[in-house]
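None of these values were measured; they are calculated from a predicted model.
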Amino acid sequence: MSAISTTNFPPLESGDRLTRDEFERRYQAMPQNMKAELIEGVVYLASPVRARGHGRPHAQIIGWLLVYTAATPGVDLQDNATVRLDADNEPQPDALLRIEPEVGGNSRINDDDYIEGTPELIVEIAASSAAYDLNDKLNAYRRNGVKEYIVWQSYENRLDWFNLQQGRYILREPDADGIIRSQIFPGLWLVVDGLREGNMAEVLAVLQQGLQTPEHQAFVEKLRR
C-alpha cells in the first residue's frame, strides 16, 4: 500500500490493535518506505530486510512463480501487494498467485487498486518457525480459505507447503523425486532441495517439466475458455 503523509494520525506501532479502516488511515500517513500488516486485528511493522535472510529467497520465489505465470494466462502474480482479507486482516504477502475472477478466481483488484478476497496461493519468507507467518498469519489464511500456503523459514532453510483440506492446513511432503506439485495450479512443480540449495537452474528445469504436462495444458485451455 502506498503511503502519503498528509494527516496527523498517530503513527503505527507494532502491537497496536486497530480496525481495518483505522489501520488504513494511519498507514496512508506513514512514510512510503514503511511496510505494515494487520493480522488478526494486530499491527505488525516489518524489520529491515536482510539480503541472505529475505531478499535472496524472496527473489528466487518470485522468479519461480514468474516463469509459471508467463506460461499460464489467467493467473496473476503479485509481489508485496496489500490484500483485504477480512475486517481484521490486511496482509502484504511476499508473493501470491491468484486466478483472475473472470475465469473463476476468488479475489479481485478493486477500484482502490488493492486485492480484495482470497488469493489461491500465498508465499511468505519467514525468519524462523517462531515468526507470526506460522502462527497468527497462518490461522488468518486458513480461516479465509487460502488453498495453498508456502512458508520458507530462511534461517532454518526449511520450506513448508500447506494445502487446505476440510478447513485444516495439511503439510505436504516432497515425493520420491523431491518434488511438490501444486494441487491448485497444475504444472507448478517445486524441487524443494534445489530451492533450498539455491540451485535455480534445477528449480526452473523441474518447473519446465511441469509446464509440459497434459494437466497444465488442460488448465490453460480451461482458463482460456
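For the pair Arg142/Asn144, no side-chain contact is recorded, criterion being any heavy-atom separation below 4.5 Å from C-beta on. Side-chain contact between Ile115 and Leu96 is present, with heavy atoms from C-beta onward closer than 4.5 Å. Looking only at side-chain heavy atoms (C-beta outward), Asp79 and Asp94 stay at 4.5 Å or farther from each other. For the pair Asn80/His58, a side-chain contact is recorded, criterion being any heavy-atom separation below 4.5 Å from C-beta on. Contact of the Ile180 side chain with the Glu173 side chain is not registered, since no non-hydrogen atoms from C-beta on lie closer than 4.5 Å. Annotation: side chain of Leu223 is not in contact with side chain of Pro73 (no heavy-atom distance under 4.5 Å). When side chains are defined from C-beta on, Trp152 counts as touching Gln60, because their heavy atoms get closer than 4.5 Å. Counting only heavy atoms from C-beta outward, the side chains of Glu40 and Arg143 approach each other to under 4.5 Å.
Under the 4.5 Å side-chain heavy-atom criterion for Ile, Leu, Val, Met, Phe, Trp and Tyr, Ile179 and Ile150 are members of the same hydrophobic cluster. Residues Trp161 and Val146 do not share a hydrophobic cluster, clusters being chains of Ile/Leu/Val/Met/Phe/Trp/Tyr side chains in contact below 4.5 Å. One hydrophobic cluster holds both Val191 and Leu66 under the rule that ILVMFWY side chains link at heavy-atom gaps under 4.5 Å. A continuous path of hydrophobic side-chain contacts links Leu164 to Tyr149 [ILVMFWY only; heavy atoms under 4.5 Å]. When hydrophobic clusters are built by joining Ile, Leu, Val, Met, Phe, Trp and Tyr residues whose side-chain heavy atoms come closer than 4.5 Å, directly or via intermediates, Val123 is grouped together with Ile99.
The CD atom of Glu13 sits 10.5 Å away from atom CG of Leu18, with the distance rounded to the nearest 0.5 Å. Separation of atoms CZ (Phe185) and CG (Leu65) is listed at 9.0 Å; rounding is to 0.5 Å. The line from CG of Leu211 to CG of Leu188 is 8.0 Å long, rounded to the nearest 0.5 Å. Atom CD of Gln183 sits about 4.0 Å away from atom CG of Asn163, to the nearest 0.5 Å. Atoms CG and CH2, on Leu204 and Trp64 in that order, are 10.5 Å from each other to the nearest 0.5 Å. Between the OG1 atom in Thr69 and the CD atom in Gln78 there is a gap of 10.0 Å [rounded to 0.5 Å].
Across Leu190, Leu77, Leu97, a single residue satisfies side-chain contact (heavy atoms from CB on, under 4.5 Å) together with Tyr68, and that is Leu97.
The pair Asp112-Arg84 counts as a salt bridge, with a side-chain nitrogen and a carboxylate oxygen less than 4.0 angstrom apart. The pair Arg20-Glu22 fails the salt-bridge criterion, with no side-chain N (NZ, NE, NH1 or NH2) lying under 4.0 Å from an Asp/Glu carboxylate O. Electrostatic pairing of Lys137 and Glu37 counts as a salt bridge here, judged by a charged N lying under 4.0 Å from a carboxylate O. Salt-bridge formation is not detected for the pair Asp160/Arg172: no Lys NZ or Arg NE/NH1/NH2 atom is positioned less than 4.0 Å from an Asp or Glu carboxylate oxygen.
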Test log, rule side chain to side chain contact (heavy atoms under 4.5 Å, CB included), inputs Tyr27 and Lys35:
CA-CA 9 Å; Tyr27 198 176; Lys35 175 181 175 179; 4.3 Å; yes
Side chain to side chain donor-acceptor pair (under 3.5 Å) assessment of Gln209 paired with Trp189:
CA-CA 8 Å; Gln209 294 176 23; Trp189 292 10; over 6 Å; no
Quick one, Lys147 with Leu121, criterion side chain to side chain contact (heavy atoms under 4.5 Å, CB included). Give me CA distance, side-chain angles, the key distance, then yes/no.
CA-CA 6 Å; Lys147 295 179 180 178; Leu121 181 148; over 6 Å; no
Start with the C-alpha gap between Thr118 and Leu85, add the side-chain angles, then the distance that decides, and say whether side chain to side chain contact (heavy atoms under 4.5 Å, CB included) holds.
CA-CA 6 Å; Thr118 304; Leu85 275 180; 4.2 Å; yes
Please test Leu159 against Leu195 for side chain to side chain contact (heavy atoms under 4.5 Å, CB included), starting from the C-alpha separation and ending with a verdict.
CA-CA 9 Å; Leu159 187 138; Leu195 183 66; 3.6 Å; yes
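The two residues Pro119 and Val83 come nearest to each other via the heavy atoms CD-CG1, 4.0 Å. Closest non-hydrogen pair, Ser107 versus Arg98, comes out as OG-NE, 2.8 Å. Considering every non-hydrogen atom in both Pro93 and Tyr141, the closest pair reads CG-OH, 3.7 Å. Heavy atoms only, all atoms of each residue included: Arg52 and Pro57 are closest at O-CD, 3.3 Å. Across every non-hydrogen atom of Arg196 and Asn157, the tightest pair is NE-O, 2.6 Å. Shortest non-hydrogen contact noted between Ile62 and Ala95 is CD1-CB, 3.7 Å.
The aromatic rings of Phe162 and Tyr169 sit tilted, their planes meeting at an angle between 30° and 60°.
Glu124 places no side-chain N or O within donor-acceptor distance of the main-chain N or O of Val151, the cut-off being under 3.5 Å. In this structure, Ser14 contributes its side chain and Leu45 its backbone to a donor-acceptor pair below 3.5 Å. When atom types are taken as modelled, the side chain of Asp16 and the backbone of Leu12 share no donor-acceptor pair closer than 3.5 angstrom. Remark: the backbone N or O of Leu38 is not paired with any side-chain donor or acceptor of Glu90 at under 3.5 angstrom.
His54 and Tyr155 have their aromatic ring centers separated by at least 6.0 angstrom.
With 3.5 Å as the limit, one finds a donor-acceptor pair spanning the side chains of Asp86 and Asn89.
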